[in-house]
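Scroll down for the structure; my scribbles are underneath it.
Counting from 1, the numbers follow the sequence of the chain as shown. Everything numeric in this text was worked out from a predicted model, so none of it was measured.
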Amino acid sequence: MKISKLASMISLLALGIATSSQAADNRYVIQVDNQHKGIVKALAVKSGATIKLDGDGFFAATFDNQDLAQVTGLLNNPHVRLVEEDQRRTLQSLYQDDAGDPMQAQLTPYAVYQSQADQVDFVPGTATKVCVIDSGLDRSNPDFNWGAITGDNDSGTGDWDVNGGPHGTHVAGTIGAADNGIGVVGMAPGVEMHIIKVFTASGWAYSSDLAHATDLCSQAGANIISMSLGGGGANSVESNAFEAFTQAGGLVVAAAGNDGNNSRSYPAGYPSVMMIGANDADNNIASFSQFPSCSSGRGKRATMDENICVEVTAGGVQTLSTYPAGMSTMASMSADGVYYDSAAMENAGSASGSTYFMGTAEAIDSGANGKVCMIDRGNISFHDKVANCEASGGIGAIIINNVEGMLYGTLGDANTTHIPTVGAALADRTALLSATTATVNISASDYGYMSGTSMATPAVSGVAALVWSNFPECTGSEIRQALKATAEDQGAPGHDEYFGYGIVKAKAAYDYLLSGGCDGQDSQPGTFSLTAEYEYAKGKHRVNLTTVAAPTPMVDLYRNEQIIATVPADTLYTDSFGRKESGTFSYKACEENTQNCTQAQSISF
């Protein structure tokens with residue numbers, strides 16, 4: 001499933017040129033020499049314009065309900081050099097789901113591209129198995145390699161392959177939905193999975209349930225445990241179970257939590273468990289993603305531990321994945337045969353035909369009869385727009401957003417309309433309005449969207465399985481370290497409490513293990529490393545830091561995951577403390593502005 005995709009961008013501006021004669025927002029740019037600008041501006045205002053911007057040699061203005069030809073005619077003046085549409089420029093998502101209907105064709109979710117899972121092949125038959133502790137995996141969904149999936153029921157939850165809510169099926173799809181030409185594709189397509197059903201539809205389980213489930217995962221031969229769950233308070237039986245699984249060579253992955261605060265959720269908060277945060281398609285941290293501190297204790301007893309806070313993130317906002325059959329509602333929309341992103345608003349059904357632009361659809365318009373209405377957002381309610389389209393004989397409606405992003409909405413509790421209606425993104429307005437035909441479909445689906453660190457966690461679990469299948473000789477702790485060492489740094493430079501080390505990257509982790517071995521160091525001469533030596537001199541504690549074989553001219557030095565200096569490679573740097581200071585300090589060096597780092601060195605005094 002290798003599909004080339006640029007994985008590291010800053011931002012892109014859409015540079016397309018509109019073809020419609022009516023400018024977006026009725027806004028135009030008038031070029032004029034500065035000496036006579038005042039005269040032309042006065043003429044524009046007299047002609048009904050509202051001046052929006054006064055620039056050097058031009059100004060921008062809006063003209064209500066006037067197209068380019070009309071505005072040019074209104075400004076028929078020798079001092080006017082050119083009148084143009086004031087084109088919109090929008091930030092584009094760095095990563096996007098494939099457009100289309102997953103019931104008709106296989107789509108790749110944006111997080112697969114973002115995490116580079118499309119750049120690494122999953123290797124079957126390597127004993128890589130993910131144990132998913134959740135609400136079950138419904139057998140009604142066909143998008144799985146069912147011959148490679150087993151399961152257990154926890155007390156009172158019912159059969160593991162009958163869902164206790166769609167959550168567990170959605171999670172499992174992100175990990176291992178098959179690369180089979182339909183639906184979606186997972187991070188490690190077709191990976192062996194063992195399903196432990198601990199939740200019913202009521203959504204409750206206990207720490208003892210998770211401890212028991214961990215034992216069942218071990219008995220099933222799993223080497224990865226994925227838990228999109230959590231709650232407050234630690235429990236020693238639960239903690240010991242995960243520690244034992246990790247010590248036996250496994251990897252345990254769990255969600256940071258969705259309260260958007262710095263509370264520590266368990267089991268993610270145990271040092272033996274890899275805590276996962278969520279980001280969106282634009283590499284921003286999700287507003288709901290919890291960010292507990294990496295420190296514990298107070299004062300001189302305070303210690304830093306990167307294993308009790310977010311370690312990496314993955315896509316967890318509006319994540320497309322599997323549902324129990326027919327349990328989701330999915331919208332698809334195409335114009336002139338090209339699929340565009342859409343969001344279901346109301347009224348299941350399908351409509352296909354010629355398009356008709358109704359503006360903001362504030363009145364009945366017979367021109368819409370038998371056609372799909374293209375409607376701009378604004379002025380009146382969504383419901384009234386669709387009602388006017390339907391009363392005009394329209395067979396379907398596409399409402400286009402008037403602000404950046406996708407239009408998500410409903411037609412209200414008192415909806416009286418019947419035609420299928422979807423929301424569309426502002427970025428697609430020009431293409432949609434220029435189309436001559438459109439198809440709108442809203443139907444029950446085996447696929448749908450969810451958001452949460454619950455969605456980011458299986459993404460990391462799947463990436464871990466994908467990478468580990470290529471290096472089965474490694475331990476879970478070594479895979480964990482490889483994912484952290486190669487994550488794409490986001491947020492504050494270096495390690496931070498929101499992203500941890502950054503967004504997980506499968507191909508980067510694969511390359512790291514390929515070149516450096518399971519520990520990333522490969523004990524060969526010339527390996528990038530750090531020496532840290534303690535001394536007490538002249539009333540000060542000193543830690544002398546020296547890098548060896550650094551691959552870049554400059555290196556970043558870290559103490560307790562905070563950058564303390566950027567220095568020339570392979571030179572001495574001394575970190576000094578007062579004589580009354582004490583503690584345990586972890587040091588590492590990284591290539592400048594990257595997370596390609598040495599192993600940490602610990603110094604206590």
Side-chain angles (χ1 to χ4, degrees), residues 13-90 335-336 354-369 371-382 384-386 388-389 392 394 397-405 407 423-436 438:
L13 291 176
L15 300 178
I17 298 176
T19 59
S20 63
S21 60
Q22 184 97 9
D25 307 313
N26 299 304
R27 179 163 162 152
Y28 301 87
V29 182
I30 297 91
Q31 293 185 30
V32 61
D33 61 84
N34 285 328
Q35 185 178 356
H36 299 98
K37 188 193 299 181
I39 296 173
V40 180
K41 286 171 62 180
L43 174 61
V45 171
K46 185 177 180 180
S47 301
T50 300
I51 306 300
K52 296 294 185 179
L53 177 69
D54 193 344
D56 184 14
F58 69 92
F59 66 93
T62 57
F63 292 77
D64 289 343
N65 300 315
Q66 303 291 326
D67 62 22
L68 180 60
Q70 291 170 318
V71 173
T72 301
L74 290 172
L75 300 183
N76 185 14
N77 185 285
H79 302 303
V80 175
R81 295 177 177 175
L82 182 65
V83 179
E84 298 177 287
E85 295 178 13
D86 203 354
Q87 304 285 356
R88 282 181 173 173
R89 299 292 182 255
T90 63
D336 283 348
S354 300
T355 61
Y356 184 77
F357 180 52
M358 288 189 70
T360 51
E362 297 175 53
I364 294 174
D365 184 341
S366 61
N369 186 42
K371 298 178 181 178
V372 176
C373 301
M374 296 286 190
I375 302 172
D376 276 332
R377 180 181 183 177
N379 299 343
I380 63 174
S381 71
F382 298 146
D384 290 348
K385 292 175 184 290
V386 178
N388 286 335
C389 169
S392 303
I398 299 170
I399 303 179
I400 305 169
N401 212 351
N402 59 2
V403 295
E404 302 306 328
L407 175 59
L426 175 62
D428 295 326
R429 182 178 185 273
T430 298
L432 293 175
L433 295 189
S434 65
T436 58

So do [Y] and [X] actually touch side chain to side chain, heavy atoms under 4.5 Å?
X      : Y      : value
Gln70  : Asn65  : no
Met358 : Lys385 : no
Asp365 : Asn388 : no

field: Under 3.5 Å side-chain donor-acceptor pair for Asn34 and Asp56
entry: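 Yes, Asp56 and Asn34 have a side-chain donor paired with an acceptor closer than 3.5 Å.
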- prompt: Are Lys52 and Asp86 ion-paired here, with the side-chain N under 4.0 Å from a carboxylate O?
  reply: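 Salt bridge absent between Lys52 and Asp86.
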Once rounded to the nearest 0.5 Å, what's the spacing between atom [atom1] of [X] and atom [atom2] of [Y]?
X      : Y      : atom1 : atom2 : value
Leu433 : Thr355 : CG    : OG1   : 8.5 Å
Leu407 : Ile375 : CG    : CD1   : 11.0 Å
Phe382 : Arg377 : CZ    : CZ    : 4.0 Å

Indicate yes or no for a side-chain donor-acceptor contact from [X] to the backbone of [Y] under 3.5 Å, with no hydrogens or angles considered.
X      : Y      : value
Asp428 : Ala431 : no
Asp376 : Ile400 : no
Lys371 : Phe357 : no

message: Parallel, tilted or perpendicular, judged at 30° and 60°: which one describes the rings of Phe63 and Tyr28?
response: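 Judged by the thresholds at 30° and 60°, the geometry between Phe63 and Tyr28 is perpendicular.
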